[in-house]
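Notes for the one structure printed next.
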Amino acid sequence: MSTSAKKRSLPSTCRSDGISASCSNSKAPPKRAPPKKALKTTPQTPPPEVPDLEDCHVMNGQYKSREPKFTLEEAPLLHSALLSWYDREHRVLPWRRNSHSKVAACSEHLKTWAPLELPEQDFAYRVWVSEVMCQQTQVATVVGFYDRWMQRWPTVADLASAEQEEVNEVWAGLGYYRRAKFLLLGAKHVMSSLGGIFPSDVPALLKVPGVGAYTAGAVASIAFNRLAPLVDGNVVRVLSRLRTLEGDPSTSQAAKTHWALAEQLVHPCRPGDFNQALMELGARVCTPRNPDCRVCPAKDDCWALRRVTQHPVGVNTPPPTVTDYPGAKLKAPPREERVAVCVVEVQGPESGPAVLLVRRPDKGLLAGLWEYPSVIVENTSEREAEEVAMNAYLASLGLEINHGSTKRGSKTALKVLERKVVGETVHVFSHIRQTMKVEKLVLSGDVASTCVEVNVKGAEEEQPPKRSPKKASKASRPLKIDSHDIENDLDHSMNGSASVGLTNDHSLSPGVDIKW
């Protein structure tokens, strides 16, 4: 521990072991793994002007961290520093309770958002929903969606009675629709299997569909004040800098290290607040590219910052920076796919124009959502190949293209009024980069005659469906007609961002009418 750290005193409400006398969790401190024997190295003598490098050693001209851990003396000091900062600086968010808050704006919001008198089970539901929404999505974006969600389904019982398409409709715009699916499955599980009672401990929470280690730790610690750690991207970054953790943070070994460190830091009295303080620190101060180390409440305990300020003079290596940690993730480039998309508009004799939408399989990319007929084609820019693939796919849906007319079986003929290429756009997923060639097909005939049950090939997990007509009998999906202004739809899609394209929230609406 550095000289400055030794001079800091423990908070007056905690004993030397970091446990408050009034703490409900004071039966025993968090379990910590026994220290491992440090690797033998040959330390170099630091320059005289460097007073303290006891947390680091030098090997081959570079600093290497000793065993990453927080001692029984260090943890309480971090607790005091981070909680004091959090109580003073935290953001006011609708799903938070901040009983120790020194933020003036918080008191008025506590009455309408997450009041202290809110029943524990209702608060647990709010924490659960907010934590799922905040995964892969920025907090500022989530707030509006969370408010609309709570107005629609204020309790877990209300959510359990909803249909998936209702949930998808409210979720539209947040992306990663699997999260919405598992929220609904989780709510149904709580109501049907747990009597409407949210579990309060991590092992039981992990049995709820869609709840992983992070969400379980968040709900247990924040809603029920259980001694449970959590690790998300912000916590990974903070811990990596506090203890100079190198390498790819997404490996299984790195994950074990981060969870072990988080467990060592669980606050015995305010585990939920401290977990939120760690995440808040990573989101607002210890940011990926421009950390503000001057105002960081943990700067006295940060090994990465210590490396920067105590870097030896004359060492023939580039000077270290705090942003060296964590290391870069080793990520494979997204695979390239070419997709033919056909916007099929049917002009009925009495009704207005309608657009054909197909629901995707229940598993895989964008599972269960509605889209324009689309099919993956070989990486070719030839128009003929794309049209042949689309014709075959439409035939598998019951619409056969044949020399200027479209037939569905022998009952109805739909005349082709127009067929043209609209343009090309790109949609980038985390693991797929899709280039979409979009065409518009205008037909005339009876709209009702196209509302049939069709067969769509199922897809493997996280893979888009390759709906080949030769293998089109594995899973049955409904075909749906939705009425809206197709020209405005296409203009909006093609003129938008290249990363949005035609599979934005409008064209993927779960089977509801869309008006532009």
Side-chain angles (χ1 to χ4, degrees), residues 1-2 5 32-47 50 52-71 74-75 77-78 82 213-214 229-265 275 278-279 281-294 296-333 430:
M1 191 187 313
S2 65
R32 294 177 171 85
K36 298 180 181 178
K37 188 176 181 180
L39 297 176
K40 293 184 178 180
T41 58
T42 304
Q44 296 181 4
T45 303
V50 180
D52 185 8
L53 286 177
E54 62 189 9
D55 290 329
C56 301
H57 67 269
V58 180
M59 179 180 292
N60 297 327
Q62 294 185 356
Y63 282 109
K64 300 292 180 182
S65 300
R66 288 180 177 172
E67 179 186 2
K69 66 177 182 180
F70 296 96
T71 66
E74 292 170 324
L77 296 173
L78 269 173
L82 261 67
Y214 164 77
L230 60 76
V231 174
D232 72 344
N234 288 318
V235 174
V236 165
R237 185 165 56 257
V238 170
L239 294 178
S240 295
R241 291 171 179 173
L242 288 176
R243 287 302 176 263
T244 55
L245 303 181
E246 300 173 333
D248 184 354
S250 63
T251 65
S252 59
Q253 184 56 48
K256 292 178 182 178
T257 300
H258 291 128
W259 278 98
L261 290 173
E263 185 174 10
Q264 293 168 18
L265 285 179
N275 284 342
L278 278 175
M279 294 187 288
L281 184 68
R284 300 179 60 194
V285 177
C286 195
T287 55
R289 295 180 181 84
N290 297 300
D292 192 354
C293 298
R294 298 171 301 168
C296 179
K299 61 185 178 182
D300 291 335
D301 301 285
C302 181
W303 289 6
L305 182 59
R306 195 175 302 173
R307 281 191 175 187
V308 174
T309 59
Q310 299 181 350
H311 182 62
V313 177
V315 176
N316 190 23
T317 58
T321 64
V322 170
T323 54
D324 291 340
Y325 311 95
K329 293 182 180 180
L330 302 178
K331 185 178 180 181
S430 59

Heavy-atom check, side chain of [X] versus side chain of [Y], under 4.5 Å:
| X | Y | result |
| --- | --- | --- |
| L261 | L242 | no |
| C296 | L281 | yes |
| F70 | L77 | no |

List the residues meeting side chain to side chain donor-acceptor pair (under 3.5 Å) with [X], not counting sequence neighbours, and say none if there are none.
| X | answer |
| --- | --- |
| T323 | T321 |
| R237 | N234 |
| S250 | D248 |

Of all the heavy-atom pairs spanning [X] and [Y], show the shortest one and how long it is.
| X | Y | result |
| --- | --- | --- |
| P291 | V322 | CG-CG1, 4.2 Å |
| A254 | P249 | CB-O, 3.6 Å |
| Y214 | L230 | CE1-CD1, 3.8 Å |
| K69 | R243 | O-NE, 2.8 Å |
| V308 | P320 | CG2-O, 3.5 Å |

Using only atom types and a distance under 3.5 Å, with no angle test, would you say the side chain of [X] pairs donor to acceptor with the backbone of [Y]?
| X | Y | answer |
| --- | --- | --- |
| E74 | T71 | yes |
| T257 | Q253 | yes |
| R241 | L305 | no |
| R306 | D300 | yes |
| E263 | P229 | no |

With D292 via salt bridge (Lys or Arg N to Asp or Glu O under 4.0 Å) - residues at least two apart: R294

The single option from S240, P68, P326 passing side-chain contact (heavy atoms from CB on, under 4.5 Å) against H258: S240

From L330 atom CG to T251 atom OG1, the distance as rounded to the nearest 0.5 Å: 9.0 Å

